[in-house]
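Data block below; observations after.
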Amino acid sequence: MSARTKLLALARASARAPSFLAASSAALPSTSTSSSSCGRGVAPSPRPPPFGGAHSRVVVRCGHGADPTFGYDPSRAGTSEYVDKHFGPEPMDVIATRKLRVMTAGYFKDFGGLKKFAGRASTIRCHENNPLVRAALNEPGDGRVLVVDGGGSTRCALMGDNLAALAAKNGWSGVVVNGCVRDVDDVGRCRVGVKAIAAHPVPSSKRDPGLRDVDVSFAGVTVSPGDWIYADSDGVVVSGEELTL
Ligand SMILES: O=C([O-])CC(=O)C(=O)O
Ligand SMILES: [Mg+2]
């Protein structure tokens, strides 16, 4: 394929790129989240929408990986496309350059009603205690992602159906928990993304609040408050800046 033909193909693919963030909360049909039940019995829609939305900037200039001849398809707008777009001459450069940080594969399971979510990070570090998690999710989320470093404890759960419903009601895009969650059948009906290590039936203590908006490190990545989190079924990608396709 000539360089000109490649460029034309790339421009066509980029023109199809969906916009950023608007549709990321639409994996479940609209439903009331004011109660803790998160609309029991509401089935998730089969096809999650792109991260995209009103803040989209379609940039035709792209990295080596954003090449339609290699299968780059910005209309899918998932974490794989962000990686394709931003890696260097070699795919693994995405890790070496640290522009994108990719969380360890297989570290999390999906528990939330949204499988695809994105937003700026707010962080908490806590150990087997969750008052600060409740306090944070009680704030307006404004599309943010709450990143909770529970030290990887699998001895209790840092959130459940009540906190997931609170997150959905207050406009949090998602919660990433380095720890466990409970009430997972109901959490799965909440219109919010929840990634965590495992389910656990025991609630956490309410004594020690922990720390808010500090750097947290787990799953091979350090997340700072204000970083951008992109999460879907392919994984979790973290960047210091907002990414475009
Ligand atoms: O309240 C808690 O600590 C955890 C829980 O069960 C919920 O959020 O529903
Ligand atoms: Mg509960």
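No hydrogens, no waters, no symmetry mates; every other heavy atom, side chains included, goes into these values. It should be emphasised that the depicted structure is a prediction, and the values quoted were computed from it without experimental measurement.
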Are any side-chain N or O atoms of [X] and backbone N or O atoms of [Y], one a donor and one an acceptor, separated by less than 3.5 Å?
{"X": "Asn170", "Y": "Leu137", "result": "yes"}
{"X": "Tyr230", "Y": "Leu243", "result": "yes"}
{"X": "Ser239", "Y": "Trp228", "result": "no"}
{"X": "Lys109", "Y": "Ala199", "result": "no"}
{"X": "Trp172", "Y": "Leu166", "result": "no"}
{"X": "Arg144", "Y": "Gly119", "result": "no"}

Heavy-atom closest contact ([X] atom, [Y] atom, distance):
{"X": "Asp213", "Y": "Ser122", "answer": "OD1-OG, 3.1 Å"}
{"X": "Ala165", "Y": "Cys190", "answer": "N-SG, 3.7 Å"}
{"X": "Cys180", "Y": "Cys156", "answer": "CB-O, 3.3 Å"}
{"X": "Val216", "Y": "Phe218", "answer": "CG2-CE2, 4.0 Å"}
{"X": "Arg182", "Y": "His200", "answer": "CB-O, 2.9 Å"}
{"X": "Gly240", "Y": "Asp227", "answer": "CA-OD1, 3.6 Å"}

Nearest 0.5 Å please: distance from the [atom1] atom of [X] over to the [atom2] atom of [Y].
{"X": "Thr244", "Y": "Tyr82", "atom1": "OG1", "atom2": "OH", "result": "8.0 Å"}
{"X": "Arg101", "Y": "Ser224", "atom1": "CZ", "atom2": "OG", "result": "6.0 Å"}
{"X": "Met103", "Y": "Asn178", "atom1": "CE", "atom2": "CG", "result": "8.5 Å"}
{"X": "Asn138", "Y": "Leu163", "atom1": "CG", "atom2": "CG", "result": "9.5 Å"}
{"X": "Asp234", "Y": "Lys115", "atom1": "CG", "atom2": "NZ", "result": "14.0 Å"}
{"X": "Asp161", "Y": "Asp183", "atom1": "CG", "atom2": "CG", "result": "4.0 Å"}

Taken in chain and number order and not counting sequence neighbours, the residues that satisfy salt bridge (charged side-chain N to carboxylate O under 4.0 Å, His left out) with Asp110 are Lys195
Sequence neighbours excluded, the answer for salt bridge (charged side-chain N to carboxylate O under 4.0 Å, His left out) partners of Arg134 is none
Per side-chain hydrogen bond (donor to acceptor under 3.5 Å, both in side chains), Glu128 is matched among Ser204, Ser153, Ser205 by Ser153
- Query: Heavy-atom distance under 4.5 Å between the side chains of Asp149 and Thr123, does that happen here?
  - Reply: no
Taken in chain and number order and not counting sequence neighbours, the residues that satisfy side-chain contact (heavy atoms from CB on, under 4.5 Å) with Asp208 are Asn129
Go through the steps for Val145 and Arg120 under the test side-chain contact (heavy atoms from CB on, under 4.5 Å), then give the verdict.
-> CA-CA 6 Å; Val145 174; Arg120 296 199 89 149; over 6 Å; no
Determine, step by step, whether Thr222 and Asp215 satisfy the side-chain hydrogen bond (donor to acceptor under 3.5 Å, both in side chains) criterion, reporting the C-alpha distance in whole Å, the side-chain angles of both residues, the deciding distance to 0.1 Å, and the verdict. CA-CA 7 Å; Thr222 297; Asp215 286 4; over 6 Å; no
